[in-house]
Amino acid sequence: MKAQRNAPAAMASAGSETAALSPAASLFHSLSDPTRLAILRHLAAGEQRVVDLTTRLGLAQSTVSAHLACLRDCGLVNSRPQGRASLFSLSAGPRLMALLAAAEGLLAETGDIVDLCPTHGAAARAAADTC
């Protein structure tokens, strides 16, 4: 009987732990797109205009702008006007680059096996893009 009374408390604790981890999950979700990661790598070198990024990445202006808006909305990049253009930069450059370097280290250790994940790997992303 006592175990049944403690079950709701344990569930509430698990729910609050999940809620506390929601910002971290949101951060990793914002980093889950290869284009956004490429943009961040380019911004690590310094401020960039959308036109600079479109040239370097070979993507449409609308695609780059949409990803920059996502990164800005997540607080990962800043923008400032310069004439008719905007210059984009990393908002927490050293910490973000340290996080990405740690991810690259983890990928080196695991042999990129995560890319084979049936839920989140390359094939799953490709299938989601065709829907």
Side-chain angles (χ1 to χ4, degrees):
M1 187 78 156
K2 186 175 182 180
Q4 287 178 335
R5 277 187 272 155
N6 289 339
M11 290 176 66
S13 176
S16 62
E17 181 178 359
T18 302
L21 291 171
S22 181
S26 296
L27 170 65
F28 286 111
H29 187 72
S30 71
L31 299 173
S32 70
D33 186 273
T35 300
R36 288 194 292 273
L37 289 173
I39 289 170
L40 292 173
R41 279 190 170 176
H42 285 285
L43 292 178
E47 288 183 316
Q48 304 280 323
R49 297 175 301 159
V50 173
V51 67
D52 300 327
L53 292 166
T54 58
T55 300
R56 289 186 175 98
L57 297 170
L59 297 170
Q61 180 271 327
S62 60
T63 300
V64 172
S65 292
H67 285 293
L68 283 167
C70 173
L71 292 167
R72 186 182 55 231
D73 291 346
C74 291
L76 298 176
V77 301
N78 297 317
S79 65
R80 68 177 181 86
Q82 183 181 38
R84 292 177 43 169
S86 292
L87 287 172
F88 289 85
S89 62
L90 298 178
S91 61
R95 286 192 177 145
L96 182 55
M97 290 299 100
L99 175 64
L100 295 177
E104 288 177 4
L106 181 58
L107 290 170
E109 273 186 42
T110 62
D112 296 338
I113 197 165
V114 71
D115 210 27
L116 300 175
C117 173
T119 306
H120 299 292
R125 285 193 312 275
D129 288 344
T130 61
C131 295

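Nothing here was measured: the structure is a model prediction, and the numbers come from that model.
For A124 against C117, the heavy-atom pair with the smallest separation is CB-O, 4.5 Å. Between F88 and L43 the shortest heavy-atom distance is O-CD2, 3.3 Å. Across every non-hydrogen atom of R125 and S32, the tightest pair is CD-O, 4.4 Å. For Q48 against G46, the heavy-atom pair with the smallest separation is CG-O, 3.3 Å.
With rounding to the nearest 0.5 angstrom, the CG atom of L37 is 11.5 Å from the NE2 atom of H42. Remark: Q82 CD to E47 CD distance equals 7.5 Å, nearest 0.5 Å. Atom CZ of R95 sits about 14.5 Å away from atom CG of L100, to the nearest 0.5 Å. Between H67 atom NE2 and L40 atom CG the span is 11.0 Å, to the nearest 0.5 Å. Distance check, rounded to the nearest 0.5 Å: SG of C70 to CG of L31 gives 9.0 Å. One distance of note links OG1 of T55 with CZ of R49; it measures 8.5 Å at 0.5 Å rounding.
In terms of modelled atom types and a separation under 3.5 Å, the side chain of S91 and the main chain of L76 share a donor-acceptor contact. Put simply, the side chain of T54 gets close to the backbone of V51: a donor and an acceptor are under 3.5 Å apart. Judged by distance alone, with hydrogens and angles left aside, the side-chain atoms of R80 form no donor-acceptor pair with the main-chain N or O of S86 at under 3.5 Å. Not one N or O on the side chain of S22 forms a donor-acceptor pair closer than 3.5 Å with the backbone of A19.
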Check step by step if side-chain contact (heavy atoms from CB on, under 4.5 Å) holds for L68 and L53.
-> CA-CA 10 Å; L68 283 167; L53 292 166; 3.9 Å; yes
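Around the CG atom of L21, the shell of radius 6.0 Å holds more than 12 heavy atoms that belong to other residues, nucleotides or ligands.
L27 and L106 fall into different hydrophobic clusters, where Ile, Leu, Val, Met, Phe, Trp and Tyr residues are linked whenever their side-chain heavy atoms come under 4.5 Å apart, directly or through other members. Criterion: ILVMFWY side-chain heavy atoms under 4.5 Å apart, direct or through other members. Under it, M97 and L107 are not part of a common hydrophobic cluster.
A search for salt bridge (charged side-chain N to carboxylate O under 4.0 Å, His left out) contacts involving D112 returns nothing, not counting sequence neighbours.
The only option from I39, L96, N78 that meets the side-chain contact (heavy atoms from CB on, under 4.5 Å) definition with L71 turns out to be I39.
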